[in-house]
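Report on the structure given below.
Every chain is numbered from 1, with letters handed out A, B, ... down the list of sequences. The model shown is predicted, which means the values in this text are computed figures rather than measured ones.
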Protein chains: 2
Amino acid sequence: MRAKLHGGRHRPADGSSRALPDVAVKRLPVYLRALGELAVGGQEIVSSAELAAHTGLTSEQIRKDLAMLGGFGTRGVGYHVERLGSSIRSCLGLDREVPVALVGAGHLGTALSRYNESRRQQPRIGAIFDSDPAKVGQRLGGALIRGMDEIDATVRALGIRMAIIAVPAVGAQVVAMRLVAAGCDVLLNFAPVRLDLPAEVRVHNVDLAMELEALAYYVRPDAPGAEGE
Amino acid sequence: MRAKLHGGRHRPADGSSRALPDVAVKRLPVYLRALGELAVGGQEIVSSAELAAHTGLTSEQIRKDLAMLGGFGTRGVGYHVERLGSSIRSCLGLDREVPVALVGAGHLGTALSRYNESRRQQPRIGAIFDSDPAKVGQRLGGALIRGMDEIDATVRALGIRMAIIAVPAVGAQVVAMRLVAAGCDVLLNFAPVRLDLPAEVRVHNVDLAMELEALAYYVRPDAPGAEGE
DNA sequence: CTGTGTGAAAGGTTTCACAGCT
DNA sequence: AGCTGTGAAACCTTTCACACAG
């Protein structure tokens, strides 16, 4: 009864790699961070066991994932830190410019842009929009804050495909539709509403209230973990 | 080679319900939101098909989940909106007070507390901590901002078990250890670092950079979704 | 007849065990 | 020997199909 909203695998047939499960895609950034730390430490080669220790995943899982990307390891040795990083970035499409639109320059939007500014990485926030006239024209984390009416022109002009929705719940659906109309097809939504959009648009929701509610389940109403009184 | 960091099921044997898969736990808040909307609309009974339309999940999945909680539906009729909501809240432990500590009153922390303030719901942010002396003593979303040195006493005094870490990466590990020492065993971590904590502590990480990196995978470098020029 | 609850089947992911390079 | 890559097994989740209650 449901159209199976992007479940399982993706990228049917492409140049480099074909169809990686969503769960594996979510782990790639984890590897990337671990590799970054190792590179800073000057390490050139890393084993799956070492990556496991750094990421909290199992070595088998890591080998499976990396083998899926095309097998960039050397048997009996391990993975070349630098090279593996490049391969993963390439697989994620982070070797090109990936501009992102941020809609909503409130506290959350500000936190996101500050955070993004500090990292020398893709994706990078390339355009910011807010409905508050007092904010329009100001700069935030290196990007200019524009009015909501400029979404369409700006997103098109910059060829933006990804957007972050950081506006209050009431405005989110309208914002999302504008972004999609302008060419965005991958959205990260922080507003606590279910967005109703064409099936080809990928929406990832991050809802703090839900996150907390789910976590409450794991708080058992008995003795705390470490008490010493 | 790994101790299986809380995988699969939980809550071994308890009073009300026993062992719900993590994936199901994550869906409960989704049901809760849909039920809230329906309740506002004055609806008393809802079918799994209707809930499916509101949540984007399948009706079978919803029935499976709700049957696991104890089967609160009436065959041939559906689920009582009010009653089902109570059952889910009870299962999540939201029928009691669930105070949460928030560490870090920067932009992110402010966004979180504002957001939490507006909702008449559990969990509720019951204590806020920040290292900035200028902020200590001020109020934010109904709670007082305290100094970091007050974490232990306050968390213990209020019996807080859950905490949100919204501090920069460098301080996160220290903050996490303090929280755990004070009795917290469920953490929501927004800092972009892997926290090294005892296995019995449940950590849920939300990392914007990783989220964006993973989403970049789904931005295929070809024609956008909706173009009309 | 309607819509839930549930065993069975299907599908996907993780773990295991080991073959195969270096 | 050491560590990757990979088929097979185990495990978990979702979907299907239908019995069953109201």
*Whole Å only: how far is the CE atom of A:M68 from the P atom of D:dG5?*
12 Å

*When rounded to the nearest 0.5 angstrom, what distance separates OG1 in B:T55 from CD in B:E37?*
10.0 Å

*May I have the distance from A:D65 (atom CG) to C:dT14 (atom P), rounded to whole angstrom?*
8 Å

*Let me see the working for A:E211 and B:H204 under side chain to side chain donor-acceptor pair (under 3.5 Å), right down to the final yes or no.*
CA-CA 9 Å; A:E211 216 100 49; B:H204 183 58; 2.8 Å; yes

*asked:* Using five base pairs at each end to define the local axes, how bent is the helix from C:dC1-D:dG22 to C:dT22-D:dA1, to the nearest 10°?
replied: 0°

*Could you list the residues that satisfy side-chain hydrogen bond (donor to acceptor under 3.5 Å, both in side chains) with A:S48, not counting sequence neighbours?*
A:R63

*Which comes earlier along DNA chain C counting from the 5' end, the contact point of B:A67 or that of A:R27, where each point is its nearest nucleotide?*
B:A67

*Starting at NZ of A:K64 and ending at P of C:dA17, how long is that distance when rounded to a whole Å?*
13 Å

*Provide, to the nearest angstrom, the distance between the CG atom belonging to B:L20 and the P atom belonging to D:dC12.*
14 Å

*Roughly how many Å is it from CG in A:L66 to C1' in C:dT14, rounded to a whole number?*
15 Å

*What is the distance from CD of A:E60 to P of D:dC11, rounded to the nearest Å?*
15 Å

*Evaluate the side chain to side chain contact (heavy atoms under 4.5 Å, CB included) criterion for residues B:V203 and B:V201: first the C-alpha distance (whole Å), next the side-chain angles of each, then the deciding distance (0.1 Å), finally the verdict.*
CA-CA 6 Å; B:V203 182; B:V201 178; 4.1 Å; yes

*What is the distance, rounded to the nearest whole Å, between atom CD1 of A:I62 and atom C1' of C:dT13?*
15 Å

*Of the nucleotides C:dT14, D:dT14, D:dT13, which one has an atom closest to the side chain of A:Q61?*
C:dT14

_Option among B:L35, B:L38, B:I62 that satisfies the side-chain contact (heavy atoms from CB on, under 4.5 Å) test with B:H54_ = B:L38

*Applying side-chain contact (heavy atoms from CB on, under 4.5 Å) between B:I160 and each of B:V100, B:L179, B:V155, report the one that passes.*
B:V155

*Test item: B:Q121 and A:L212 side chains (from C-beta on) under 4.5 Å apart, heavy atoms*: no

*asked:* side chain to side chain contact (heavy atoms under 4.5 Å, CB included), that's the test. Do A:Y217 and B:C91 meet it? Break it down for me.
replied: CA-CA 7 Å; A:Y217 178 85; B:C91 173; 4.0 Å; yes

*asked:* Output the rounded distance in Å from CG (A:D22) to C1' (C:dG11).
replied: 14 Å

Dump the pairs, protein N or O against N or O of nucleotides 1-4 of chain C, anything under 3.5 Å, distances to one decimal.
| residue | atom | partner | partner atom | Å |
| --- | --- | --- | --- | --- |
| C:dT4 | OP1 | B:S48 | N | 2.7 |
| C:dT4 | OP2 | B:S48 | OG | 2.7 |

*Quickly, which of A:L84, A:T74, A:V81, A:V77 forms a side-chain contact (heavy atoms from CB on, under 4.5 Å) with A:I45? Name it, please.*
A:V77

